[in-house]
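Right, one structure below, let's go through it.
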Amino acid sequence: MPAAAAVPPSIAFTSLLYKCKAIQQFKQTHTQLIIRALNHPPKSFRPIISFASLNPHGDINYALLLLFQSSTPAQIFLFNTVIRGLSRLSRSHYLSTSLHLFYRLIDLNVAPNNFTFTFLFQGCASCAHFDLGTQLHGMVVKNSFAYDVFVKNSLIQFYSVCGRVRDARWVFDESDDLDVVSWNSMINGHVRNGEILEGLKLFDKMPQRNDVSWNSILGGLVRFGSVDDACRVFNQMPKRSLVSWVVLISGFAQNGRPKEALALFREMQSLDLEPNSAILVSLLSACAQLGALDYGNWVYSYIQKKCIKLDSILCAALIDMYAKCGSIDLAMQVFHSYGDKDVSAYTSAIFGLAMNGHSIEAFQLFENMKSKGISPDSISYIAVLSACSHLGWVEKGFYYFHSMFDVHGIKPELDHYACMVDLLGRAGLLEEAENFIASMPMKPDNVIWGTLLGACRVHRNAEMGQRIGNMLIESDQNHDGRYILLSNIYVETLKGENAEEVRKTMRKRKIKRAPGCSLIELDGVVHEFLAGDRSHEKTQEIYQFWEEIVKKIKNYGYNVETRSVMFDIEEEEKETVIGYHSEKLALAFGLICTKPGSVIRIVKNIRICSDCHSAMKLVSKVFKRKISIRDRKHYHHFEDGSCSCLEYW
DNA sequence: GTAGGGTTAG
């Protein structure tokens with residue numbers, strides 16, 4: 001035998017276990033240990049239980065098994081390690097297991113210590129288990145572990161997460177040995193509960209600030225204050241960490257300011273800072289909002305180049321970006337190439353298929369997901385209901401709506417009801433939609449009524465439209481879109497006077513109509529057009545070319561359709577206004593600047609009008625171009641004279 | 001070969 005045999009294998013393997021970094025290495029060593037040492041020597045328990053409990057690739061059940069199999073006397077250290085691992089998993093059944101271990105310790109006459117309580121409070125915080133946490137707090141006070149600053153900090157965190165900011169503050173105020181983490185936890189407690197001013201007050205009083213405190217304030221302003229205030233704080237910060245960039249970039253992306261998100265990222269790049277996956281998710285969301293496919297492609301290639309792990313969030317964001325940029329094929333390529341599909345990857349793909357006019361495939365994917373044993377969640381139901389809506393499949397919609405609770409125990413929320421109202425409304429079943437709203441177990445919100453109002457317009461129901469429209473503009477006076485909808489319903493049902501009344505009210509209340517705006521990306525630069533816009537550097541060319549386009553498509557039967565224009569302008573002017581709708585300018589620009597045969601992609605902030613819709617169909621035929629337009633609600637892929645929406649919109 | 005906490009993320 002070689003000289004190494006002199007070292008007893010159990011000790012040799014135990015020391016090897018400490019050195020393992022990767023799961024494969026750990027498993028191999030572990031297997032060898034079991035084979036060569038015939039069993040787990042007591043000394044090997046610590047590294048194995050630590051790895052199994054705490055490593056992301058570990059196995060908490062294995063740790064539990066070993067803990068209970070051990071014939072040596074119970075050691076508080078090992079119990080604490082497993083409780084710590086359980087707490088991290090943030091699932092209530094794991095929290096019960098932790099509690100079970102805690103009582104077992106007491107049964108065995110082993111005293112829990114300050115570590116035990118810290119980990120238990122972390123578990124209570126991650127499951128927001130208020131009752132259990134307060135009971136344990138009582139024990140902590142009795143055992144005077146409450147003097148440990150770690151225990152106190154975990155209590156502050158626990159109460160804050162449970163929304164009990166007063167209790168958290170009580171722990172904080174009672175203590176005289178606070179450290180920087182206590183301050184940060186308390187500031188964050190105020191901020192996450194919407195008490196920004198309290199958070200700021202504490203921030204001002206803080207003896208020393210590190211970047212975590214700044215980031216808490218920054219995050220609070222993004223969530224509950226304003227992104228502009230957050231910007232000001234960002235500019236004042238003595239030192240920014242990666243988290244600061246994450247917060248502000250995602251703040252822009254989530255508040256409908258995608259261009260600023262991209263601009264801030266550019267600034268970050270100029271400082272040679274590398275983005276993490278949270279930033280990439282925000283960039284993808286910004287690209288999705290802008291329809292910026294080239295930029296989105298760049299993000300994807302960056303992920304591949306830097307070998308950034310494609311987790312399920314990043315994967316879902318990529319699928320969403322491609323789908324919203326009109327490239328459903330690329331979206332599905334990402335989806336299929338992703339090995340570890342979870343419900344969010346499926347949901348993004350189902351949404352993407354539905355929104356791009358492939359509802360049948362969306363249903364198939366939903367069924368396919370279930371057959372793989374992945375349970376649909378509340379959001380995936382919204383995706384599949386929207387697929388029903390795109391096809392006008394009312395019965396199927398109700399089938400899914402009922403199966404949600406009956407089969408999967410998911411209670412329908414406002415969004416699901418809104419999908420159903422949209423489905424019924426678009427299918428022309430307006431009264432059924434109204435009855436459905438009346439049957440809701442919760443109070444319908446304005447989004448639901450707005451959905452029905454939209455359906456009233458599509459189906460020209462002036463009576464119901466008037467009733468609901470008036471109710472809506474009174475209950476939410478600042479929403480410009482609903483005034484427009486109502487006045488258009490009047491115009492289209494030949495009730496010009498009523499329409500004029502709506503306009504008057506709008507003027508009196510100083511409500512401005514949000515301008516229609518279209519975006520088109522060219523070589524990574526996003527160009528923006530408003531209706532009748534003359535600010536683009538190629539304006540002259542664009543307008544001239546549009547005139548040529550109109551001449552050509554008129555030969556194929558194009559007639560300017562002015563039905564959906566405001567009623568209070570002359571017929572001739574209507575033609576001019578409608579003639580230069582933003583998507584037409586973007587289209588002309590796209591035709592001038594892109595190679596023949598390439599796809600033209602446009603994103604519009606409001607819904608496309610019927611005149612633009614028929615013009616696009618003809619252009620796709622006459623100029624032999626695929627045109628994809630994403631409007632506020634739907635996708636329109638125009639090809640050879642027809643549209644993927646099949647006129648159902 | 002006995003450890004622990006605070007900020008971000010669809």
Side-chain angles (χ1 to χ4, degrees), chain A residues 11 14-19 43-50 53-54 75-85 87-88 113-123 125 145 148-158 160-161 168 172 178-189 191-192 199 203 206 209-223 230 237 240-251 253-254 275-285 288 311-321 342-345 347-348 351 377 379-380 383:
Chain A
I11 295 178
T14 302
S15 80
L16 269 181
L17 280 169
Y18 278 110
K19 297 193 178 79
K43 285 208 166 171
S44 69
F45 273 62
R46 194 170 80 78
I48 296 171
I49 287 184
S50 296
S53 309
L54 304 176
Q75 299 168 44
I76 186 69
F77 179 87
L78 296 181
F79 272 71
N80 284 348
T81 305
V82 179
I83 292 176
R84 184 182 171 204
S87 294
R88 281 190 187 177
N113 61 15
N114 42 352
F115 288 93
T116 324
F117 283 106
T118 307
F119 300 143
L120 283 171
F121 287 129
Q122 282 165 9
F145 288 124
D148 183 297
V149 72
F150 285 90
V151 173
K152 273 186 294 204
N153 292 347
S154 63
L155 266 169
I156 294 172
Q157 178 77 359
F158 156 71
S160 305
V161 166
F172 182 84
L178 300 165
D179 65 6
V180 66
V181 177
S182 328
W183 283 83
N184 285 338
S185 304
M186 196 58 243
I187 290 174
N188 193 41
V191 162
R192 76 157 70 222
F203 180 72
M206 230 179 143
R209 298 181 192 132
N210 59 6
D211 48 352
V212 173
S213 351
W214 284 92
N215 289 337
S216 289
I217 296 291
L218 196 66
L221 289 172
V222 166
R223 250 182 295 164
M237 288 175 74
R240 297 170 190 151
S241 66
L242 188 64
V243 173
S244 326
W245 293 91
V246 171
V247 173
L248 202 54
I249 291 176
S250 70
Q254 280 170 34
N276 64 4
S277 87
I279 290 183
L280 297 171
V281 167
S282 295
L283 294 181
L284 289 169
S285 150
D311 60 21
S312 63
I313 296 175
L314 198 50
C315 173
L318 261 175
I319 295 171
D320 186 63
M321 180 277 292
D342 66 354
V343 67
S344 61
T347 303
S348 291
F351 257 127
D377 63 5
I379 307 170
S380 50

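In what follows, every chain begins at residue 1, and chains take the letters A, B, ... in the order their sequences are listed.
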| Length of the CD1-P vector between Ile217(A) and dT8(B), whole Å | 12 Å

| request: Can you tell me the distance, in whole Å, between the CD1 atom of Ile249(A) and the P atom of dT8(B)? | output: 16 Å

| query | Has Phe119(A) got its ring stacked on the base of dG4(B), with centres under 5.5 Å and planes less than 30° apart? | reply | no

| query | Which atom pair, heavy atoms only, marks the closest approach of Val191(A) to Gly220(A)? | reply | CG1-CA, 3.1 Å

| When you measure from the side chain of Lys19(A), which nucleotide among dA9(B), dG1(B), dT7(B) comes out closest? | dG1(B)

| task | Give one of base, sugar-phosphate or nothing for Thr118(A), where a contact means two heavy atoms less than 4.0 Å apart. | result | base

| said: Mind checking if Asp377(A) touches a base, just sugar-phosphate, or nothing, with heavy atoms under 4.0 Å? | reply: nothing

| Given atom CG of Leu54(A) and atom P of dG4(B), what is their separation to the nearest angstrom? | 9 Å

| query | Over how many whole Å does the gap from Leu242(A) atom CG to dA9(B) atom C1' extend? | reply | 11 Å

| Of the nucleotides dG1(B), dA3(B), dA9(B), which one has an atom closest to the side chain of Arg46(A)? | dG1(B)

| message | Between P on dT7(B) and CZ on Arg240(A), what's the gap in Å once rounded to a whole number? | response | 21 Å

| said: For the residue pair Asn188(A) / Ser185(A), report whether a side-chain donor-acceptor contact shorter than 3.5 Å exists. | reply: no

| field | Ile76(A): partners by side-chain contact (heavy atoms from CB on, under 4.5 Å), with sequence neighbours left out | value | Asn80(A), Leu105(A), Val110(A), Asn113(A), Thr116(A)

| query | To the nearest Å, how far apart are Asn114(A) CG and dT2(B) C1'? | reply | 12 Å

| query | For Ser15(A), which contact category applies under a 4.0 Å heavy-atom criterion: base, sugar-phosphate, or nothing? | reply | base

| field | Asn113(A), nearest nucleotide to its side chain (from dA3(B), dT8(B), dG4(B)) | value | dA3(B)

| task | Please work out if Gln75(A) contacts a base, only the sugar-phosphate, or nothing of the nucleic acid, heavy-atom cut-off 4.0 Å. | result | nothing

| field | Integer-rounded Å distance: dT7(B) C1' and Arg192(A) CZ | value | 10 Å

| task | Output the single nucleotide from dA3(B), dG1(B), dT7(B) whose closest atom is nearest the side chain of Phe115(A). | result | dA3(B)

| query | Is the aromatic ring of Phe77(A) within stacking range of dA3(B), meaning centres under 5.5 angstrom and planes under 30 degrees? | reply | no

| query | Counting any heavy atom closer than 4.0 Å, what does Asp320(A) reach on the DNA or RNA strands: base, sugar-phosphate only, or nothing? | reply | nothing

| Atom-to-atom span, CD1 of Ile49(A) to C1' of dT2(B) - whole angstrom | 13 Å

| message | Tell me whether the side-chain N/O atoms of Asn188(A) come closer than 4.0 Å to OP1 or OP2 in dT7(B). | response | yes

| message | Asn210(A): which residues meet the side-chain contact (heavy atoms from CB on, under 4.5 Å) condition with it, sequence neighbours left out? | response | Val180(A), Asn184(A), Val212(A), Ser213(A)

| message | Would Arg209(A) and Phe203(A) count as a cation-pi pair here, with the cationic atom under 6.0 angstrom from the ring centre and within 45° of the axis? | response | yes

| request: Please name the pair of heavy atoms, one in Phe158(A) and one in Phe121(A), separated by the smallest distance, quoted to 0.1 Å. | output: CB-O, 4.0 Å

| Arg209(A) near the nucleic acid: base, sugar-phosphate alone, or nothing, with a heavy-atom cut-off under 4.0 Å? | nothing

